[in-house]
Amino acid sequence: MNNKKSHRERRFLIAVSRLQRAIGCVVALIIILALTGCGKKESSEKPTTDAAAAQANQNVIILTKENLQNVSLKIEPVTRGAIETTLKAAGTVSTNVNKTAKIVTTLEGRLVKMNFDLNDRVKTGDVLALIETPELLGRPLELKAPIDGAIIDRKVTVGELVSKDKEIYTISDPTDLWVIAEIKERDIGAVKVGQDATFSVLAFPGEIFRGQVVRIGNQVQPESRTLEVRLQVGNADGRLKPGMFADVEITTSLLQNVIVIPEAAFQSIKDAPIVFVALDGDKFEKRVVKLGLQRPDRAQILEGVKEGERVVTDGSFILKSEMLKGQLQDKD
């Protein structure tokens with residue numbers, strides 16, 4: 001009896017021992033799986049962190065002292081300013097008809113004297129010419145200047161017989177001119193009286209002249225589908241001449257207090273506009289920017305840089321070259 005009992009106890013203890021070993025194996029397996037999962041998670045996170053760091057490093061250019069000595073960089077702070085939208089049009093410089101007068105004779109006779117020639121300046125009341133006419137019984141007819149200005153045209157010579165209403169001179173004020181701009185039909189709605197305008201002429205390349213919209217026409221030309229817009233232009237130095245062709249830009253809107261960066265700061269990579277922001281010391285960071293209004297010399301920045309940061313203007317192409325050179329070396 002005791003032997004049977006002892007045998008059952010041994011079998012029970014053996015079963016318990018096996019169960020404990022099985023439980024231990026399961027626990028160990030769970031721990032191993034858990035550790036393996038953590039390892040995978042860590043390994044999956046590490047490349048992401050490394051990739052971000054690598055990308056950040058690619059965007060930062062470090063110039064050596066030797067580089068800085070051999071290149072010339074101009075760094076300017078990012079500020080707020082104004083930028084305008086403009087409308088381009090072809091135009092022609094013209095006399096100011098409101099300050100132009102034609103001098104005609106009121107009687108028939110012989111022109112015996114002309115006191116002024118082309119481009120001569122005259123004052124109101126100056127005697128321009130004398131005409132002998134039988135109607136005045138020996139006294140010459142005096143033709144006088146009705147306005148101040150310059151002689152821009154003469155139609156006769158001394159000794160000619162002139163008929164009644166014959167044009168003798170044309171006087172105009174050369175210091176006050178018009179530019180007649182031809183505005184395309186689709187753009188007419190953007191033009192308003194009082195808008196500022198600039199223009200250039202072939203005779204003075206690179207020079208900008210200024211005017212203002214003073215009148216808008218009321219009829220579209222059927223052939224060209226354009227409308228005449230008149231600009232009033234000062235010409236105190238007399239360099240502008242009626243008949244000159246003009247490239248006109250009319251300011252149609254103006255944005256104030258926006259971030260504006262000089263055109264020299266912009267480079268492009270894969271058609272994306274970029275600038276280089278100066279960091280501490282000899283470090284420069286490439287930034288992709290989003291542009292707003294653009295002018296030939298500057299552009300509005302919507303995203304990418306903030307007011308107060310410093311950007312490279314003159315010499316930004318050098319940083320682009322250094323960055324591209326570094327990327328090629330990394331590939332090798």
Side-chain angles (χ1 to χ4, degrees), residues 76 78-100 149-150 152 172-266 268 273 289-303 313:
E76 300 184 41
V78 176
T79 60
R80 292 184 176 272
I83 193 168
E84 70 276 5
T85 55
T86 62
L87 179 64
K88 294 185 178 182
T92 306
V93 180
S94 168
T95 57
N96 183 337
V97 176
N98 292 335
K99 294 188 176 183
T100 300
I152 63 170
S172 187
D173 182 359
T175 66
D176 195 345
L177 299 178
W178 290 344
V179 169
I180 306 301
E182 302 290 337
I183 305 300
K184 293 178 181 178
E185 184 176 5
R186 66 171 180 266
D187 297 325
I188 292 172
V191 182
K192 304 288 187 296
V193 172
Q195 290 173 336
D196 292 327
T198 60
F199 64 96
S200 60
V201 295
L202 291 174
F204 305 104
E207 189 164 355
I208 300 298
F209 299 87
R210 301 188 179 278
Q212 189 176 61
V213 176
V214 293
R215 193 166 294 274
I216 298 174
N218 58 7
Q219 184 174 355
V220 174
Q221 299 299 316
E223 297 83 9
S224 62
R225 309 308 302 171
T226 59
L227 182 75
E228 288 190 353
V229 169
R230 184 191 302 170
L231 312 178
Q232 191 156 359
V233 177
N235 188 38
D237 56 13
R239 291 187 300 160
L240 295 173
K241 308 296 182 184
M244 287 179 168
F245 289 111
D247 291 322
V248 179
E249 284 194 57
I250 299 173
T251 301
T252 55
S253 65
L254 183 66
L255 293 180
Q256 300 277 9
N257 196 35
V258 295
I259 292 178
V260 179
I261 291 181
E263 185 273 339
F266 296 103
S268 65
V289 294
K290 183 177 179 181
L291 303 181
L293 295 181
Q294 299 178 51
R295 300 286 294 134
D297 59 339
R298 63 197 185 283
Q300 176 193 9
I301 301 297
L302 300 177
E303 295 177 5
T313 53

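Excluded from the calculations below are hydrogen atoms, water molecules and symmetry mates; all remaining heavy atoms, backbone and side chain alike, are included. We number each residue from 1, following the sequence as shown.
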Chemist: Yes or no on side-chain hydrogen bond (donor to acceptor under 3.5 Å, both in side chains) for E76 and T313, after CA distance, side-chain angles and deciding distance?
Modeler: CA-CA 7 Å; E76 300 184 41; T313 53; 3.1 Å; yes
Chemist: Look up atom CD1 in I261 and atom CD1 in I259, then write down how far apart they are to the nearest 0.5 Å.
Modeler: 7.5 Å
Chemist: Measure the spacing between CD of E182 and OG1 of T226 and express it to the nearest 0.5 Å.
Modeler: 4.0 Å
Chemist: A side-chain contact here means heavy atoms from C-beta on lying under 4.5 Å apart; do V179 and F209 qualify?
Modeler: no
Chemist: Looking only at heavy atoms, which two atoms of F245 and V201 are closest? And how far apart?
Modeler: O-CG1, 3.4 Å
Chemist: Can you measure from CD1 (I183) to CZ (R225) and round to the nearest 0.5 angstrom?
Modeler: 15.0 Å
Chemist: Could you state the interatomic distance from CD (E84) to CD (Q256), rounded to the nearest 0.5 Å?
Modeler: 10.0 Å
Chemist: Considering non-hydrogen atoms only, spot the tightest contact between L240 and G234 and give its length.
Modeler: CD1-O, 4.4 Å
Chemist: So do K241 and V93 actually touch side chain to side chain, heavy atoms under 4.5 Å?
Modeler: no
Chemist: Would you say D237 has more than 12 foreign heavy atoms packed within less than 6.0 Å of its CG?
Modeler: yes
Chemist: Give the minimum heavy-atom separation between F204 and M244, together with the two atoms involved.
Modeler: CE1-CE, 4.5 Å
Chemist: Counting heavy atoms not belonging to E207, are there more than 12 under 6.0 Å from its CD?
Modeler: yes
Chemist: Could you tell me the separation between the OG1 atom of T79 and the CG atom of N257, rounded to the nearest 0.5 Å?
Modeler: 10.5 Å
Chemist: Are any non-hydrogen side-chain atoms of L302 and Q300 less than 4.5 angstrom apart?
Modeler: yes
Chemist: What pairs with R186 under side-chain contact (heavy atoms from CB on, under 4.5 Å), at least two apart in sequence or on another chain?
Modeler: K184
Chemist: Measuring only between side-chain heavy atoms, which start at C-beta, is I301 closer than 4.5 Å to L291?
Modeler: yes
Chemist: Tell me every residue that passes side-chain contact (heavy atoms from CB on, under 4.5 Å) with E249, counting only those two or more places apart in sequence or in another chain.
Modeler: T86, K88, T198, R295
Chemist: Taking all non-hydrogen atoms of both residues into account, name the closest pair between I180 and S94 and its distance.
Modeler: CG1-CB, 4.2 Å
Chemist: Taking all atoms of both residues into account, what is the closest heavy-atom pair of Q294 and A299, and its distance?
Modeler: CG-CB, 4.0 Å
Chemist: For the residue pair A190 and Q195, what are the closest heavy atoms and their distance?
Modeler: O-NE2, 3.1 Å
Chemist: Would you find more than 12 non-hydrogen atoms of other residues, nucleotides or ligands less than 6.0 Å from I208 atom CD1?
Modeler: yes
Chemist: Output the distance between atom CD (Q232) and atom CZ (R215), rounded to the nearest 0.5 Å.
Modeler: 10.5 Å
Chemist: Kindly say whether P174 contributes a backbone atom to a donor-acceptor pair with the side chain of N235 at under 3.5 angstrom?
Modeler: yes
